[in-house]
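Bear in mind that the values here come from a model prediction, so they are computed numbers and not experimental data. The first residue of the sequence shown is numbered 1, and numbering continues consecutively from there.
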Amino acid sequence: FLRRIAANLLRLENLMKNLVIGQSGGPTAVINASLYGAVKAFKESGTDGHVLGMINGIEGFLADHVMDLSTDLSDEELELLKLTPAAYLGSCRYKLPADLESEVYPAIFDNFREMNIGYFLYVGGNDSMDTVDKLSRYAEKIGSDVKFIGIPKTIDNDLVLTDHTPGFGSAAKYVASTVREIVLDASVYQQKSVTIVEIMGRHAGWLTAASRLARKYKGDNPYLIYLPEAPFSLEQFYKDLEEAFKKSPN
């Protein structure tokens, strides 16, 4: 009987826990859609807690910069988040210390206790998932029951064990469209010319490979695509250019 009472009290306590969510790293055209989904799902879950938003990610959370998304956002404004680009809550590039003995961790968990946080959600890429991992390991170390969840986001599409991440699709479309415009501009002259386009992606070539979508027919530009996953040789590049010039002057 006492165990049932304790279980019900624990369940009631969890129902009243708050959720805190933040955005980190580079913004994308769809990062706010993930924010919308998390807030919407929590509000519809039947819990009595509030959804708090970290202003400028974990760095802002450490400085107590938090807003109440449950009360500060109307239902209409929440729906608009699905179509709003950039990061509504702001972002940061703050990397937590590798040493879990750092004084930063007790400070974060003190804020969790003061704000009655039961759930921590972080929308971001590699460094953001690293933040989730470190906080989760520290919680296990001290016996905290706060739940940590990482929501993937990166236009580079370079998060391990993911098929594709929110943000990549719109970025890939942008790359393909931009490269197509460059191809059209560069193809109006009869003189030999080379246009080199550098595309971001850290150590992943997904966005660079997306430039292939700009081809209208077999043998169309871009002729040469080099990915960071494969070794690059200037000598081979010169040879590739010579072969390309045999097919087209630019």
S128: side chain to side chain contact (heavy atoms under 4.5 Å, CB included) partners, not counting sequence neighbours: S24, Y122

Measure the shortest side-chain to side-chain distance between I155 and M200 over non-hydrogen atoms and say whether it is less than 4.5 angstrom. yes

Y94 vs V104, test: side-chain contact (heavy atoms from CB on, under 4.5 Å). Steps then yes/no. CA-CA 12 Å; Y94 185 83; V104 134; 3.5 Å; yes

Is the backbone N or O of G26 less than 3.5 Å from a side-chain atom of K153, with the two atoms forming a donor-acceptor pair by type? yes

Do the ring centers of F61 and F112 come within less than 6.0 Å of each other? yes

Hey, does R215 have a side-chain heavy atom less than 4.5 Å from the side chain of N221? no

Using a distance-only test with no angle check, is there a side-chain donor-acceptor pair under 3.5 angstrom linking S193 and Q191? no

Within this structure, what is the CG-CE distance for the pair L89 and M54, rounded to the nearest 0.5 Å? 8.5 Å

Are T154 and T162 packed together at the side-chain level, in the sense that at least one heavy-atom pair is separated by less than 4.5 angstrom? no

Do T208 and I225 make a side-chain contact, defined as non-hydrogen atoms from C-beta onward lying under 4.5 Å apart? yes

Using a 4.5 Å cut-off on heavy atoms from C-beta on, say whether the side chain of L135 contacts that of V146. no

Quick check: does any side chain N or O of S45 sit under 3.5 Å from a backbone N or O of F42, one acting as donor and the other as acceptor? yes

To the nearest 0.5 Å, atom CE of M115 lies from atom CG of D68 at 11.0 Å

Between L100 and Y105, does the side-chain contact (heavy atoms from CB on, under 4.5 Å) criterion hold? Intermediate values first, please. CA-CA 7 Å; L100 295 185; Y105 293 99; 3.7 Å; yes

Does F237 CZ have over 12 foreign heavy atoms under 6.0 Å away? yes

For a quick test of reading the model, state the closest non-hydrogen atom pair linking A38 to I151 and the distance between them. CB-CD1, 4.3 Å

Any N32 side-chain heavy atom under 4.5 Å of Y36 side chain: no

L80 backbone acceptor or donor facing T84 side chain under 3.5 Å: yes

K173 NZ: over 12 foreign heavy atoms closer than 6.0 Å: no

Looking at G49, is its backbone amide N or carbonyl O close enough to the side chain of N18 to form a donor-acceptor pair, meaning the two atoms are under 3.5 Å apart? no

K239 atom NZ, over 12 foreign heavy atoms within 6.0 Å: no

Is any side-chain heavy atom of F120 less than 4.5 Å from a side-chain heavy atom of S136? no

T131 side-chain N/O to D127 backbone N/O, donor-acceptor pair under 3.5 Å: yes

Please identify which of these residues, I199, V197, V183, meets the side-chain contact (heavy atoms from CB on, under 4.5 Å) condition with S211. I199

Shortest non-hydrogen pair, V123 vs S34, comes out as CG1-CB, 4.1 Å

4.5 Å side-chain heavy-atom contact, L35 and L69: yes

Which atom of D158 lies closest to which atom of A204, heavy atoms considered: CB-CB, 3.7 Å

Check: Q236 main-chain N/O paired with S233 side-chain donor or acceptor under 3.5 Å: yes

Look at R93 together with E59 and state whether they make a salt bridge at an N to O cut-off of under 4.0 Å. no

In one Ile/Leu/Val/Met/Phe/Trp/Tyr side-chain cluster, 4.5 Å: I55, Y88: yes

Report yes or no: does K134 contribute a side-chain atom to a donor-acceptor pair with the main-chain N or O of V132 at less than 3.5 Å? no

Please check if F148 and Y119 belong to a single hydrophobic cluster, counting links between Ile, Leu, Val, Met, Phe, Trp and Tyr side chain heavy atoms closer than 4.5 Å. no

Would you indicate whether F232, at its atom CZ, is surrounded by more than 12 heavy atoms from other residues, nucleotides or ligands within a distance under 6.0 Å? yes

Can you tell me how far apart CD (Q23) and OG1 (T28) are? Round to the nearest 0.5 Å. 8.5 Å

Evaluation steps, side-chain contact (heavy atoms from CB on, under 4.5 Å), between K95 and D130: CA-CA 8 Å; K95 193 173 179 68; D130 179 69; 3.4 Å; yes

Yes or no on side-chain contact (heavy atoms from CB on, under 4.5 Å) for L227 and W206, after CA distance, side-chain angles and deciding distance? CA-CA 8 Å; L227 308 180; W206 290 103; over 6 Å; no

State the CG-CG distance between L121 and L52, to the nearest 0.5 angstrom. 12.0 Å

Does the pair E140/R137 count as a salt bridge with the N-to-O cut at 4.0 Å? no

Can you tell me how far CG of L241 sits from OH of Y223, rounded to the nearest 0.5 angstrom? 12.0 Å

Could you grab the distance from atom CZ of R180 to atom OG1 of T178, nearest 0.5 Å is fine? 12.5 Å

